[in-house]
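Everything on this sheet refers to the single structure shown next.
Per chain, numbering begins at 1; letters A, B, ... match sequence-line order.
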Protein chains: 2
Amino acid sequence: MADVAERAGVSRALVSIVFRDQPGASRETRERVLRVADEIGYRPDNAARLLARGRSRTLGVMFTAHQTFHADLLEGIYGEAERLGYEVLLSATAPGRGEAKAVESLLGHRCEAVIMLGTGAETAELDALGRRTVAVAVGRRVSGARVDSVHTAESKGIRQAMDHLVELGHRRVVHIDGGKGPGSAERRRAYRAAMRRHGLGDEARVIPGDHTEQSGIEAGRLFLAERDSGLPLPTAVLAGNDRCAMGLLMALTRAGVEVPRDLSVVGYDDSHLSHLMPIGLTTVRQDALLMAEYAVRFAVERLDDPDSAPREAVLDPKLVVRGTSGPPPADG
Amino acid sequence: MADVAERAGVSRALVSIVFRDQPGASRETRERVLRVADEIGYRPDNAARLLARGRSRTLGVMFTAHQTFHADLLEGIYGEAERLGYEVLLSATAPGRGEAKAVESLLGHRCEAVIMLGTGAETAELDALGRRTVAVAVGRRVSGARVDSVHTAESKGIRQAMDHLVELGHRRVVHIDGGKGPGSAERRRAYRAAMRRHGLGDEARVIPGDHTEQSGIEAGRLFLAERDSGLPLPTAVLAGNDRCAMGLLMALTRAGVEVPRDLSVVGYDDSHLSHLMPIGLTTVRQDALLMAEYAVRFAVERLDDPDSAPREAVLDPKLVVRGTSGPPPADG
DNA sequence: TACTCGCACTAGAGCGCGCTAGTAGAGCGC
DNA sequence: GCGCTCTACTAGCGCGCTCTAGTGCGAGTA
């Protein structure tokens, strides 16, 4: 910076003004400074900038590497953040790298806020984080913590899916649980409620799982083992999310169970994956773009007014009927 | 920091020593400082740290949000970086956010090196970047640029896949190109060479595409349209990568073309996806973990010795035969 | 005793910027 | 001529830390 100033024949302060696009420099000086900077390859140093300014205008985003829905969200986050003049830093959770680590990394790099995609953290942990910094949880309902949240009305989505299945004639509808995954508790509850509402309370069955393909595969194996020992297959399965649904589909199809003839499958997320099955996945769409926008806006607005009450955006999901759902088999 | 020093009755310098885990502080002072820091919630400020230290010990990683193979790589990168005492910052490319932007963001945050997963940049751009900072390209061969690279021996992988297909009896093997995607040029070349070697030079056919599901879908549509106008289907397709293969599979299966009975499909990457098709995808495995380790090590070693010549790690890929490849139809 | 040595600790410069307070000079009215 | 304002620019402190060059002190050595 000093070099630039000297070469351009101005003070360092003026160079600073030029690079911050602030008024107080004439048109020609501005151009001269920029030209000189370009010549000697000067680029303002972020660390020093942050230090001097006190604010980083950077949002940290924690996500899970293999969660395809997160990739959808990321795109939206980048867009909205740019529009509002914020930078985005990413930190992934992965096997061997827990949420705490990912968040520490973000905070260590001076993010002013942390947006957590699909966190599985306890309310108390979230609250602690929310008190230490600005935090937004996406894809999960949070109550009693100093954290904004953006999620879809899980119950509505599940209800739509259940109505769809029951209308097709299904009765033995099983739910594969999402474990501690975001939204799981609500989905489970909504599933139970819907079953009751349709007079199928006795048929309700929840299989523990999580939001990975693996848990879908395991559930599939379980069903097959049950069938082999004489029990009937469910006629429809409501998976915890699309990845789980994909795993289930794979396990079933490999074993010769035909979807949706023998069994219907419904996912949740409408992630990229959903279009890609040979027969499209019937699923519940969450509007990733809109969720991303809300998340960023919540973070930014709370930065401007840190003491406002935690907010919650609840978006309406929408059932997308594709090829994996159909009438139950005649003997079902 | 000053607060901590005062409360603990020591100088700021000593607090610094304690937090950097450096020798020069007695056991009890160390504990006292840490206790005090904990009490008042002090955490060292990264920006100031970087500024003062001159080094950030942070690696930047550019990746593509929806590229599942990148997620595999990320896990490996985090692991190896941690082992070597480096932090990792992520920046995604996405629609509306090009590579240049992603890289600028990383550099702006003081990453000492940039690891680019699957870059489509020109050699000249890479060279310019390599001169400005330490850069490593993963998944793509780079020559003539001041950049280290890690990739698999594309030609070997393609050759294995082609040998496999020809051995099964295929002759009309078509290649869907990966466009400007990493490794595409080599794969295309290897495909042509393999066809010639098998005496099928006249049958060689490359369809332009890229590394997305969409391009697989389009290729599928093309094949189907050709079939409808009386031309024969290819008997096997070598896709640019797994995502492309998935798209192709979807398009074909929907149209009633049965894989591998009517047509065989081979992918490239052995990403997460490959296991998930109802019939597993025959594909060429790239060892993501090993690639990640090489990438990180190259970056770190070049930081220690910036003037060393660019290095290249070429790993051996391995054909993984699953369910999408079989003998060609009798009339093929 | 006088000296070196090692350990625990401190003073203070400096990292590369942003920002506040201030200056120089041009233009204007009276 | 004077004071006034406005624009274009500058001096220099401070952000929170690291790091070099020290100081002081007790133990070991000649």
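The main-chain N or O of B/Val142 is never found under 3.5 Å from a side-chain atom of B/Thr123 such that the two would form a donor-acceptor pair. At least one donor-acceptor pair under 3.5 Å links the side chain of B/Arg302 to the backbone N or O of B/Ser308.
With B/Glu99 as reference, B/Thr119 is the one residue of B/Thr64, B/Thr119, B/Thr93 to meet the side chain to side chain donor-acceptor pair (under 3.5 Å) rule.
C/dG29 and D/dC2 make up a base pair, with Watson-Crick or G-U wobble contacts both under 3.5 Å. Using N1 to N3 plus N6-O4 or O6-N4 for Watson-Crick, or N1-O2 and O6-N3 for G-U wobble, each under 3.5 Å, D/dA21 pairs with C/dT10.
Following rounding to the nearest Å, B/Phe19 (CZ) and D/dC17 (C1') show an atom-to-atom distance of 12 Å. Atom CG of B/Asp3 is separated from atom P of D/dG16 by 10 Å (rounded to the nearest Å). At whole-Å resolution of the value, CE in A/Met1 and C1' in D/dG12 are 13 Å apart. Rounded to an integer number of Å, the gap from CZ of B/Arg55 to P of D/dT18 is 15 Å. In this structure, CZ of B/Arg12 is placed 13 Å from P of D/dC19, rounded to the nearest angstrom. Atom CZ in B/Arg20 sits roughly 5 Å away from atom P in D/dT18 (whole-Å rounding). For the pair B/Gln22 CD and D/dC17 P, the computed distance is 16 Å after rounding to whole Å. The separation between B/Leu14 atom CG and D/dC17 atom P is 14 Å, rounded to whole Å.
The aromatic rings of A/Phe63 and A/His70 sit perpendicular to each other, their planes meeting at more than 60°, with 30° as the lower class boundary.
For B/Phe298, the ring-ring contact (aromatic ring centres under 6.0 Å, His included) partners are B/Tyr294, not counting sequence neighbours.
Between B/Arg32 and A/Asp45, it is B/Arg32 whose nearest contact on DNA chain C lies nearer the 5' terminus.
Within 4.0 Å (heavy atoms only), A/Pro23 reaches no atom of the nucleic acid at all. A/Ala25 comes within contact range of the sugar-phosphate backbone alone, with a heavy-atom separation under 4.0 Å but no base atom that close. A/Arg43 comes within 4.0 angstrom of the backbone, heavy atoms only, and of no base.
The outermost nucleotides of DNA chain C lying under 4.0 Å from heavy atoms of chain A, listed 5' to 3', are C/dG16 to C/dC19.
Put simply, A/Ser26 has no side-chain N or O that comes within less than 4.0 Å of OP1 or OP2 on D/dT7.
A donor atom on one side chain and an acceptor atom on the other are not found under 3.5 Å apart for A/Gln286 and A/His151.
Within the 4.5 Å cutoff, side-chain heavy atoms of B/Arg97 are placed close to those of B/Ser91.
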